Amino acid sequence: MSSIQTGRGKRRRKFEDEVDSHSENEEEIVVEDHKPELTPDKLKEPKDTYIPQPQKQQEQPSRSKYIDEEDISSNDKRRKFDLLHQKDTSTTSRNHKRNDHNQWELEQYQKAQQIMNTTKITKDDLDKVNLPDNDKYEYVFDDSQYVNFNEIEEDDELKGDDQPQKPDLIEKERISIAEVRQSLPVYKFRSHFLEAMDKNQVLIVVGETGSGKTTQLPQYLYEAGYSQGDKNLIIGCTQPRRVAATSVATRVAQEMNVKLGKEVGYSVRFDDKSSKDTVIKYLTDGMLLREFLTDSKLLKYSVIMIDEAHERTLSTEILLSLLKDILTTRHDLKVIIASATINAEKFSNYFHQASILNIPGRRFPVKIHYTKNPEANYIQAAITTIFQIHLTQPLPGDILVFLTGQEEIESMEESLQESIIKLGSSLENHLQVLSIYSNLPIDLQKKIFEPTLPHTRKVILATNIAETSITIDGISYVIDPGYVKQNVYNPTQAMESLVVVPCSKASVDQRAGRAGRIGPGKCFRLFTKWSYYNELDANTTPEILRVNLSSVILLLLSLGINDLINFDFLDKPNSKHIIKSLELLYSLGCINSKGSLTKLGLKLSKFPLDPMLSKCLITSEKFNCVLEIITIISMLGESSTLFYRPKDKQEIASKKHASFDSPLGDHFSLLNVSQQWENSDFSNQWCQEYFVQYKTLRRVKNVRDQLIKLCQRNKINVNETISINPLYIQKSLISGYFPNIVKLSMMGDTYKKLKSSNVATPCYIHPSSSIFKIKPIPKLLLYHELVLTSKEYMRNCMIIDEKLIKEYGSHYYSPQELESLSKTKK
DNA sequence: GTCGCTGGA
């Protein structure tokens, strides 16, 4: 069986090892020829040698063990989708599915035969590229390996404007700001818009990319006098991301010819450029949410525009609910909800059939191509498609490929580089491979924005970061396998899991749009048209249904919303989730037995943290270790992106990282990192020496400084102490993290939650933990989070003493559970 | 003996 040199390939092997219990040398896989699997030859081989490869979903441990009942239907949906992608979904169902697969294969084989016989593969295009006839090039020029895309169909176009204006820099500079403003599509709707604003309290604006709504609508309102009057009211516009808020504000300040921070300003975490003169304020949605805490009716605003509402981020969603709530008493407040087409109806219904104003966008058309058949291996298909594009499409025009994660990106980059070397000088134009994901160090991220060299085409391998957060110029081709990695929280287990799921229609359309920014583009979808229309969900599951709610619930409670079960959410979270959060808040002492907020709860809600963390912070005052706890808290939030190990220096990096290890556990190791960085005077060089991400530590420092300020504001003493007894730190941590305690199982190989429940999930110490190798194996642990990846891993663990559990957990654990502690010890 | 998609306060 040939194998594909991808991260998936490697992981798949590992998976097979587990299941079939025979080992294979990983080295072998790397040197193997990476031919695509679905070739006619392969298909003709005896069945036994051609087994559909277990794919990503299969490597993910079966979710079904953990999901709530109501989630099962969506799991089934995924299974259906996977089957069409020649995928099996769960380890447990593997065997009894084998027969289905054989049947399925047979059908596919027959279909493939028909296609081979009837389809002319576009050899004409290839002839243009003059290459020596050599075996080496088989990889690209074997017709059978071509990915078959359906012909372009008109109805599958993402329609663009008929005559889009090509940005011509010199030309653009000559046009005055006023002319630019008037050239935006939104300009024609100015009076329509103002009229609608006059008549309605809530207005839904559907404005596609490039319409100019974000920069223009607040200005129109300002010009029409919405921010004037005796009360000095202002116009607020929220954005889901910091960069958007700051860059749009900068642009609008230019257009209005005022200094940023005066009439036009922005406000994002750690950075406030607004003043009492500010009349148009751009802010992140999370920021406006925090403003509710001090100004629960948002009295200083006359208009609030919620931009990019279709993204349905957690903060946006809560904002919408709160706005709906205050509109009943604030009749003078106007609300604009700007969304893409997809959700407009839903928002309109939510706000009592609010009017919808449509503003066309300005974008070039993008032609959509689908594969004729499901792709068995989308990585391979994507690579093949890259070369198809590179060899048949003229320059300029860069390629953007959407992948699910860092590992996938890295392995694909490797395979691509190898193929490029094989092809060598025979390629008429060079192919430059670049990648982008959030965890990539900044200097490497910047590379994708460097201009493309002559006779070169860029291929950018990206995660979802390129879907909305980062815009890359010069992209004409998008390759979209149609998958995304998603974080799903399971409240019953209090466990996160990262799963690869099919994208929604909204998401794949957004991705396609990335090809139409500089000119007409093409999008190659590595799935069938049928599955687009029949299998993909219309929208991505809103975040509110996928996250730990305790922080949100505490916020709502502190705003005086007590009946959470009947609260008017746009999409209501499962009542069980809400109750789980309420139970936790009760055990933390944030609410009383009647469910109303306590003094402590109010105190905790002042911090932008998970309630469990803010509880630790509050407790630490008693032990005079506030600063240490604040440092640990700030580090915990960023710990996943703290260390990095470059491929060529993995061993030395690991050694450096191990130098921070504390025998007490990861919380103390993190404290070490922070303290040593501080001793180096926050130096970047120190970070490089220790293979620590500077970017992350800067963020940690920002969070830390903010928490210190908040403590001072709330009269919490943050004095530095000379030396701290670790016991005090442990006590502070357990006061918030008592639910996250595990004990070693009888067999001594796994851990079990101390809180007994129906589902006793075995947990494992994450191998990156400083106590992973500690002997004797610690009996009791406190963990920061439980994440399901290849196993149920506890990330950031601390050794904890039985006495402390009895001291801080007696209200949470039953006498039997506490008694079992002593049994464990024997 | 692993590994994490993206945002936000």
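Everything numeric in this text was worked out from a predicted model, so none of it was measured. A, B, ... follow the sequence lines: proteins, then strands. Residue 1 opens every chain.
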Worksheet item: For B:dG7, does OP1 or OP2 lie under 4.0 Å from any side-chain N or O of A:S469?
Response: yes
Worksheet item: Which sits closer to the 5' end of DNA chain B, A:R241 or A:R795, going by the nucleotide each is nearest to?
Response: A:R795
Worksheet item: Between A:R312 (CZ) and B:dG8 (C1'), how many Å, whole number?
Response: 17 Å
Item to complete: Please name all residues satisfying ring pair (Phe, Tyr, Trp, His ring centres under 6.0 Å) with A:F567, sequence neighbours left out, ordered by chain then number.
Response: A:F569
Worksheet item: Under 4.0 angstrom, heavy atoms only, what part of the nucleic acid is A:V703 near: base, sugar-phosphate, or nothing?
Response: nothing
Worksheet, complete the sentence: note: A:D271, atom CG; B:dG8, atom C1'; distance rounded to Å ~ 14 Å
Item to complete: Return the nearest nucleotide to the side chain of A:L498; candidates are B:dG1, B:dT2, B:dC5.
Response: B:dC5
Practice prompt. Starting from C1' on B:dA9, measure out to CG on A:D285 and report it in whole angstrom.
Written response: 10 Å
Worksheet item: Reckon A:R242 has a side-chain N or O less than 4.0 Å from the OP1 or OP2 of B:dA9?
Response: yes
Worksheet item: Within the structure shown, what part of the strands sits under 4.0 Å from A:F270 by heavy-atom distance: base, sugar-phosphate, or nothing?
Response: nothing
Worksheet item: To the nearest angstrom, how far is A:L403 atom CG from B:dT6 atom P?
Response: 12 Å
Item to complete: Provide, to the nearest angstrom, the distance between the CG atom belonging to A:L314 and the P atom belonging to B:dC5.
Response: 20 Å
Discussion item. Heavy atoms only, 4.0 Å cut-off, all strands: where does A:L609 land among base, sugar-phosphate and nothing?
Written reply: base
Worksheet item: Contacts to DNA chain B from residues 633-645 of chain A, heavy-atom cutoff under 4.0 Å, which residues?
Response: A:S640, A:R645
Response to the item:
Rounded to whole Å, the CD1-P distance (A:I306 to B:dG7) equals 20 Å
Worksheet item: What pairs meet the salt bridge (charged side-chain N to carboxylate O under 4.0 Å, His left out) rule with one or both residues in residues 540-550 of chain A, with sequence neighbours excluded?
Response: none
Discussion item. Does B:dA9 have OP1 or OP2 under 4.0 Å away from a side-chain N or O of A:S551?
Written reply: no
Worksheet item: To the side chain of A:E785, which of B:dG7, B:dG4, B:dC3 is closest?
Response: B:dG4
Worksheet item: Which of these nucleotides, B:dC5, B:dA9, B:dG7, is closest to any side-chain atom of A:P608?
Response: B:dA9
Worksheet entry | side-chain hydrogen bond (donor to acceptor under 3.5 Å, both in side chains) against A:S504, all qualifying residues, sequence neighbours excluded | A:T540
Discussion item. Is the phosphate of B:dG4 approached by A:S438 (side-chain N or O, under 4.0 Å from OP1 or OP2)?
Written reply: no
Worksheet item: Can you say whether the rings of A:Y793 and A:H766 are parallel (under 30°), tilted (30 to 60°) or perpendicular (over 60°)?
Response: perpendicular
Discussion item. Can you see whether A:F691 has A:K656 sitting over its ring - NZ or CZ less than 6.0 Å from the centre and within 45° of the normal?
Written reply: no
Worksheet, complete the sentence: Here the distance between atom P of B:dG7 and atom CG of A:N487, to the nearest Å, is 14 Å
Discussion item. Please confirm whether the shortest side-chain N or O distance from A:T463 to OP1 or OP2 of B:dT6 is below 4.0 Å.
Written reply: yes
Worksheet item: Of all residues at least two apart in sequence or in a different chain, which pass the ring pair (Phe, Tyr, Trp, His ring centres under 6.0 Å) check with A:Y694?
Response: none
Item to complete: Hey, could you give me each pair passing salt bridge (charged side-chain N to carboxylate O under 4.0 Å, His left out) that has a residue in residues 310-321 of chain A? Not counting sequence neighbours.
Response: A:R241-A:E311, A:R312-A:E317, A:R312-A:D571
Discussion item. With a 3.5 Å cut-off and heavy atoms only, can you find an N or O donor on one side and an acceptor on the other between the side chain of A:E311 and the base of B:dG7?
Written reply: no
Item to complete: Nearest whole angstrom, please: distance from the P of B:dG1 to the NZ of A:K773.
Response: 11 Å
Discussion item. Over all strands shown, is A:Y437 touching base, sugar-phosphate only, or nothing at heavy-atom distances under 4.0 angstrom?
Written reply: sugar-phosphate
Fill in: Which atom of A:S770 lies closest to which atom of A:D666, heavy atoms considered
N-OD1, 2.7 Å
